[in-house]
Number of protein chains: 2
Amino acid sequence: MDWSIQEIAKLAGTTSRTLRHYDDIGLLAPARIGSNGYRYYDAEALVRLQRIMLLRELGLGLPAVADVLEREERAPHALRSHLEWLVREQQRLARQIVSVERTIDALEGGERLMAEQMFDGFDHTEYKEEVEQRWGADAYAKSDAWWRSMGADEKRAWQQRLASLNADWIAAHERGIDPAGDEAQALAQRQFEWLRGIPGTPGGGAAGPSREYFLGLAEMYVADERFGANYGGVDGARFVRDAMTAYAEREL
Amino acid sequence: MDWSIQEIAKLAGTTSRTLRHYDDIGLLAPARIGSNGYRYYDAEALVRLQRIMLLRELGLGLPAVADVLEREERAPHALRSHLEWLVREQQRLARQIVSVERTIDALEGGERLMAEQMFDGFDHTEYKEEVEQRWGADAYAKSDAWWRSMGADEKRAWQQRLASLNADWIAAHERGIDPAGDEAQALAQRQFEWLRGIPGTPGGGAAGPSREYFLGLAEMYVADERFGANYGGVDGARFVRDAMTAYAEREL
DNA sequence: CTTGACCTTGACGTAACGTCAACCTCTAAC
DNA sequence: GTTAGAGGTTGACGTTACGTCAAGGTCAAG
């Protein structure tokens, strides 16, 4: 009337190791244990095991399974919580799937792992006049010399860092968050840190860009469509400006 | 020109612990290490880190990330494999979601965790004549006595075991698998083991039911609609019969 | 000189078993 | 009686990607 550990494992479609584990954690004890230490299971244990397997196939964890078996009336509640879990997981996977597909498409379109052919925030030949006009020939010269001194890899590094930041700005804007909120302010902080790495920024160096320079840039993003394009259009640029302005008011 | 571990962690939106981990596994080494042992990261490391974070957000594991970073041309292949992964996972979750919903509905409909109001494979009063006719009065008496000797819990145990097995038969049939294939044969094996536990089965006891009894039952499942109902109709019963027949040919 | 804030390495915990390793037990055959 | 083989037992490590202490150095500021 009872079975050895392997027999019951086969009956229920599992392994003896699993049964030992369930015994260890107190989820399913054998009906009796022989004087030789062998575990033997009876029909009652089999039913319990089959219920365990059923719940496990639904994706419940062992603590949840134990909970349900202990008091069966909790089953609906436990299952509903679990269902929410599953739905959230599925949505997360759906988002990842979309992202991966987009990334594959981008790679096949010849792009690299992070867009680097995007707007070059340091194309000083293009912005020479504006920079000299606003912050002086000296600032331009220092910044330009620093930029020219970098190797291709380093340049790409900076571009990619900017690319990532810009992508995050766009995503933040798309989600419609508050420019003065924590998330947007964290982005403004990153923007600040990024600028901090560039010699020649007024008030720059370790201290970071000056309040005026920072605010000036923010306005430039809105005023100049060449910048605005990096943030998904003028609306995006306004969002960035608002966040940067709030940041400057608060921190600089 | 470089950052401490916390600074770069914030820049990339992660934690210092993660960076130490990446250093440990050789995924991302700091640009330099101070004489005090402090880790310092430069722009190049930042770009690499941001790429790592990008790939991680797509759901890739660290070995896959390392693989992609090592040789970027492998990225499309790695991403495509990963995509398959994701899709399979999503499908698995979809199935679990359906199962959980069905289970909740069943529970709310007043059913217990495993259907036990289903066909009672041991309702010998109902099958008395057939059993005696086919296998003799003695077989019936022994089987009946054994059944009557069990407590309600034990009876339920057997019923539930049968219920689970039947559910698996139905599921297997719905998936359209081969009755002679491994999966269906495993079910036939379970059917055999289940019968083995019933005293009074011809050729029964530890040895299990005889070939003739087993084949006879298989045919009865098809011939008698009261049985067939347990397998989702006569089609399901035919599937079970075919699997059991193949099993008998092979094993008995 | 004393706080704090920040850094280091080391080690345990996580979920649910899979997979040895070392050793004991039972059955059937020689 | 012995021996081989199948099956049982208890450890204990491995798996994934870090989170979370713990114990103890380092650094800037008051």
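Residue numbers start from 1 in every chain, and the chains themselves are labelled A, B, ... in the order their sequence lines are given, proteins ahead of strands. Heavy atoms only: backbone and side chains are in, while hydrogens, waters and symmetry mates are out.
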Base, sugar-phosphate, or nothing: which does [X] touch, judged by heavy atoms less than 4.0 Å apart?
X: B/Gly34; result: nothing
X: A/Arg39; result: sugar-phosphate
X: A/Pro63; result: sugar-phosphate
X: B/Ile25; result: nothing
X: A/Ser16; result: nothing

I need the [atom1]-[atom2] distance between [X] and [N], as an integer number of Å.
X: B/Gln6; N: C/dA5; atom1: CD; atom2: C1'; answer: 9 Å
X: A/Arg17; N: D/dA12; atom1: CZ; atom2: C1'; answer: 10 Å
X: A/Arg20; N: D/dG7; atom1: CZ; atom2: C1'; answer: 9 Å
X: A/Met53; N: C/dC17; atom1: CE; atom2: P; answer: 8 Å
X: B/Tyr38; N: C/dC7; atom1: OH; atom2: P; answer: 7 Å
X: B/Ile33; N: D/dT26; atom1: CD1; atom2: P; answer: 15 Å
X: A/Asp24; N: D/dA12; atom1: CG; atom2: P; answer: 13 Å
X: B/Arg56; N: D/dT16; atom1: CZ; atom2: C1'; answer: 9 Å

(request) Look at the side chain of B/Thr18 and the backbone N and O of B/Thr14, then say whether any donor-acceptor pair between them is shorter than 3.5 Å. (result) no
(request) Report the nucleotide, chosen from C/dC26, C/dC17, D/dT26, that has the shortest atom-to-atom distance to any side-chain atom of A/Tyr22. (result)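 Nearest listed nucleotide: C/dC17.
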(request) Measure from the side-chain heavy atoms of B/Thr15 and tell me the nearest of D/dG19, C/dC17, D/dT9. (result) D/dG19
Would [X] and [Y] pass as an ion pair if we require N to O under 4.0 Å?
X: A/Arg51; Y: A/Glu72; result: yes
X: A/Arg190; Y: A/Glu193; result: no
X: A/Glu108; Y: B/Arg80; result: yes

(request) By nearest nucleotide on DNA chain D, pick out whichever of A/Glu7 and B/Gly61 is the more 5' one. (result)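 Counting from the 5' end, the first nearest nucleotide belongs to A/Glu7.
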Any side-chain N or O of [X] under 4.0 Å from OP1/OP2 of [N]?
X: A/Thr18; N: C/dG18; value: yes
X: A/Ser4; N: D/dG8; value: yes
X: B/Asn36; N: D/dC27; value: yes

(request) Take the angle between the ring planes of B/Phe214 and B/Phe192 and call it parallel below 30°, perpendicular above 60°, tilted in between. (result) perpendicular
